[in-house]
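Have a look at this one.
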There are 2 protein chains.
Amino acid sequence: MEALTIHEAAETTGWTPRMLRYIERIGLIEPARTESGYRQYGAGELQRLCTLRELLAEHEIGLGDVAFALRLRRDEALSGAVDSWLEAEPQRPETVSADEWLRWEQEKHARIIAALTTNETMETAA
Amino acid sequence: MEALTIHEAAETTGWTPRMLRYIERIGLIEPARTESGYRQYGAGELQRLCTLRELLAEHEIGLGDVAFALRLRRDEALSGAVDSWLEAEPQRPETVSADEWLRWEQEKHARIIAALTTNETMETAA
DNA sequence: CCAACCTTGACACAGCTTTGATAAGGTTGA
DNA sequence: TCAACCTTATCAAAGCTGTGTCAAGGTTGG
């Protein structure tokens, strides 16, 4: 089996031609082209278009989400940055003990100043 | 240093209180609460709020994208499905050779029927 | 007890995403 | 040559995101 045109591929997969162009524009499925520029959808593309619909439906995600996942996989710097941000997550301080809280509550202003200073450190350090 | 209120944390990190609530709602940073329900932002949260701004700015992504990355990391089934969909990507058939194309071009209708049959197989197989 | 916080919830609005429709023009096969 | 495709580009509508603001009400410290 060989390549189908965009309308044939649309009928086959349940997308509209419009959406196939959109899916291409966001980088998810980029079919080959004939010399004159017509899109050619092969068996692989048809497969992926079908499973793409299932993926979106079954997990309640959008095309943009899949596009972002693709970007994550292609941009090593991005995925590293996101991962390391997510990594730091469980670092949550326990609920404050009552007296410790009181001690600090006494000078709210000093706390904010301290926080601001810490923040500058954070910004330059990061 | 101990916990800050939402307004203090906002001033410290450059977000607005509104946005801190939004960031919490989409699951990115969920501060502890006092017994009466006030949010308490600790050093860890302040850090993460600052680096979150950098992350968004430096990589041109949105809060929703980070939220999706978090979802990917928490939902193993989801990340597996997305990954395996993306994995199949490079499978693109080469541009069709001229005579092979001609042979197929001769009965367009048969091609579509064949594709539809293949599609049914695909759907049940996936 | 009051000012100054905090909470949730709702309305609103600009801007982006997703999708359709339509126009102007090129390709192709009978 | 002509019908039936294809292409890109544009306008448009519906919905979601990110953000502000306001209201009604609880908490807290002086």
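In what follows, every heavy atom counts, from backbone to side chain, and hydrogens, waters and symmetry copies are set aside. Residue numbers begin at 1 in each chain, while the letters A, B, ... track the order of the sequences.
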Handout entry: Shortest non-hydrogen contact between A:Leu20 and A:Ala9, atoms and distance
Key = CD1-CB, 3.9 Å
Exercise for the section: List in chain and number order the residues that pass side-chain contact (heavy atoms from CB on, under 4.5 Å) with B:Asp83, two or more places apart in sequence or in another chain; answer none if no residue qualifies. Expected result: A:Arg73
Fill in the blank from the handout: A:Leu20 CG to C:dT18 C1', in whole Å, measures 14 Å
Fill in the blank from the handout: In terms of heavy-atom contacts, A:Phe68 and B:Asp65 come closest through CE2-O, 3.3 Å
Fill in the blank from the handout: In terms of heavy-atom contacts, B:Arg53 and B:Gly14 come closest through NH2-O, 3.3 Å
Problem - Any residue meeting side-chain contact (heavy atoms from CB on, under 4.5 Å) with B:Ala77, in chain and number order, not counting sequence neighbours - result: A:His59, B:Asp75
Handout entry: Protein-nucleotide distance (B:Tyr22, atom OH; C:dT8, atom P), rounded to Å
Key = 16 Å
Practice task
For DNA chain D, determine which residues of residues 60-74 of chain B have any heavy atom closer than 4.0 angstrom to one of its atoms, and list them numerically.
Solution key: B:Leu63, B:Gly64
Identify the pairs formed between an N or O of the protein and an N or O of nucleotides 25-28 of chain D at a distance under 3.5 Å, and give each distance.
residue, atom, partner, partner atom, Å
D:dG26, N2, B:Tyr38, OH, 2.5
D:dT27, O4', B:Tyr38, OH, 3.2
D:dT27, O3', B:Ser36, OG, 3.3
D:dT28, OP1, B:Ser36, OG, 3.2

Exercise for the section: Mind calculating the distance between CD1 (A:Ile6) and P (C:dT27) to the nearest angstrom? Expected result: 17 Å
Problem - Non-hydrogen atoms of A:Pro31 and A:Glu45 that approach each other most closely - result: CA-OE2, 3.9 Å
Handout entry: Same cluster (ILVMFWY, side-chain, under 4.5 Å), B:Ile23 and B:Tyr38
Key = no
Exercise for the section: Take atom CZ of B:Arg53 and atom P of D:dG18, then tell me their distance rounded to the nearest Å. Expected result: 14 Å
Problem - Residues that A:Ser84 engages under side-chain contact (heavy atoms from CB on, under 4.5 Å), provided they are two or more places apart - result: none
Problem - Atom-to-atom span, CD of B:Glu8 to P of C:dA4 - whole angstrom - result: 16 Å
Practice task
Would you please confirm or rule out a distance under 4.0 Å between OP1 or OP2 of C:dT8 and any side-chain N or O of B:Arg33?
Solution key: yes
Practice task
Take the protein atom CD1 of A:Ile23 and the nucleotide atom C1' of C:dT19, then report the distance between them rounded to whole Å.
Solution key: 11 Å
Practice task
Keeping to residues at least two apart or across chains, list the salt bridge (charged side-chain N to carboxylate O under 4.0 Å, His left out) pairs with something in residues 15-29 of chain B.
Solution key: B:Glu24-B:Arg33, B:Glu24-B:Arg39
Please list, for nucleotides 20-23 of chain D, all pairs of protein and nucleotide N/O atoms separated by less than 3.5 Å.
residue, atom, partner, partner atom, Å
D:dG20, OP2, B:Thr16, OG1, 2.8
D:dG20, N7, B:Arg18, NE, 3.1
D:dG20, O6, B:Arg18, NH2, 2.9
D:dT21, O4, B:Arg18, NE, 3.2

Exercise for the section: Can you sort out the partners of A:Trp85 under side-chain hydrogen bond (donor to acceptor under 3.5 Å, both in side chains), two or more places apart, ordered by chain and number? Expected result: B:Thr51
Handout entry: side chain to side chain contact (heavy atoms under 4.5 Å, CB included) between A:Leu78 and A:Arg71, worked out
Key = CA-CA 8 Å; A:Leu78 172 59; A:Arg71 205 182 144 194; 3.7 Å; yes
Exercise for the section: Please determine if a side-chain N or O atom of B:His7 lies less than 4.0 Å away from the OP1 or OP2 oxygen of C:dC6. Expected result: yes
Fill in the blank from the handout: Rounded to whole Å, the CD-P distance (A:Gln40 to C:dT27) equals 15 Å
Exercise for the section: Please state whether the phosphate of C:dC6, meaning OP1 or OP2, lies under 4.0 angstrom from any side-chain nitrogen or oxygen of B:Arg39. Expected result: no
Problem - Euclidean distance, atom CG of residue A:Leu28 to atom P of C:dT19 [Å, nearest integer] - result: 11 Å
Exercise for the section: With DNA chain C as reference, determine whether A:Ile26 or B:Glu24 sits nearer its 5' end, using the nearest nucleotide of each. Expected result: B:Glu24
Problem - For the student: nearest non-hydrogen atoms of A:Leu46 and A:Tyr41, plus distance - result: CD2-CB, 4.2 Å
